[in-house]
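Just follow the structure's listing: the first ligand is 1, and inside any ligand the first atom is 1. The first residue of the sequence shown is numbered 1, and numbering continues consecutively from there.
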Amino acid sequence: MCFMARDMTGQFAPPRTILLVICVIIAAGSAAAVFGDVAVVDLLDDLEAELSWEPYRQIGSIHDSESRVTFAAGSDRAVVNHTQEKVIGSIYVKNGELMASERAEISIRAIFSAKTELISGPRISAIVLDPGHGGRDPGTNHSHVVEGKIYDLVEKQIVLQVSTILQGLLKRRFPGIDILMTRTDDRYLELEERVEIANSLELDDMEEAIIFVSVHANASLNPQSYGYEVWYLPPEYDRKDLVKAEGIEAVEIRGILNDMRDEEYTIESILLARSILDGMDGAVGDDSRNLGLKEESWFVVRNAKMPSVLVELGFVTNTEEAVRLSDPAYLRKLSIGLYNGVANFVDSFILKHGSIE
Ligand SMILES: [Zn+2]
């Protein structure tokens, strides 16, 4: 349970303005090219691709039904197929015309010709599991007496057991991915420390991705409440500082890349949440109840600079659920559900984006 971790300030950024993408036709034939550079319009003809261009923000994309290169004029970085940030070479405006540097032309041709193959990267290089609470913070806890037997439920213990089983399953399935835990024993961690463990992971290159899964158990004043649910960050919440400052010259471009990254993490977080919920549904079946996907700006999901979700395994305040959550066999079922969900997400991420090493 995570009430303490909610964003109590209510300071949501205003909903991101939907980009008004204006397609412009740039007159061909006036390509007064710098040596080696080409007019983007000529490249479009060759690739049978289209251009969307937003003149006010100076961002655009070159796309067909399968590939997309989203760029900011003047930057040599671009986002490929919504997810991979790459240095592709500069696309810039000259005399009102959009031009691609020689390097950008080569990169874009390679991206559009590679569409039938798996594009290398990004790959998921780490999965961070975050068993909530620990040490002096027990999380939520509740006792029940059923037929003379006492059931003492402590959130920090339940979530550590499930996360530990989950870690083992994931390690076996994905030996090439680091499967990390924010804690492996009964210790206290600040919320900041949890996200810092994930955010400070060094990636070898820009094409590596990390996902973050926080695991909790729920409580309610209503003893009838039971079931599991998966939370993700509301899409209108704007995460900041997702893009490192180094190497990106203009603040404006950094802002655009940050927005793209935020959008990408939002999409991936929702996909991950859905995949985990489906996995749990499959493993738990009628034993408990699927309460669906929820949105909330929990501290850990809004501060993790990666796709991130928070899972609530069940309510310790419901007697039947408390009995289940005391049963190692049921905790294993929950772990397998989480595992199936995470594994399916990783598999589809690989299919979509490339391979893991
Ligand atoms: Zn909790």
Spell out, as yes or no, whether a donor-acceptor pair under 3.5 Å connects the side chain of Thr317 to the backbone of Ser220.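 Yes, the answer is positive, given that a donor and an acceptor are paired below the 3.5 Å cut-off.
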
So, does Lys156 use its side chain to make a donor-acceptor pair with the main chain of Gly135 at under 3.5 Å?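 Indeed, once roles are kept as given, a pair shorter than 3.5 Å links the two residues.
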
With respect to the Zn ion (ligand 1), please indicate if Glu312 possesses an N, O or S atom at a distance under 2.8 Å.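 No.
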
For Glu105, is there an ion pair with Arg109 - N to carboxylate O distance below 4.0 angstrom?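 The answer is yes: the pair qualifies as a salt bridge.
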
Specify which N/O/S atom of Glu155 comes nearest to the Zn ion (ligand 1), by atom name.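 Considering only N, O and S atoms, Glu155 comes nearest to the Zn ion (ligand 1) through OE2.
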
Which N/O/S atom belongs to His216 and is the closest one to the Zn ion (ligand 1)?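 Checking each N, O and S atom of His216, the shortest distance to the Zn ion (ligand 1) belongs to ND1.
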
Contact between Asn218 and Val316 at the side-chain level, heavy atoms closer than 4.5 Å - yes or no?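 When only atoms from C-beta onward are counted, Val316 and Asn218 do not touch, as no gap falls below 4.5 Å.
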
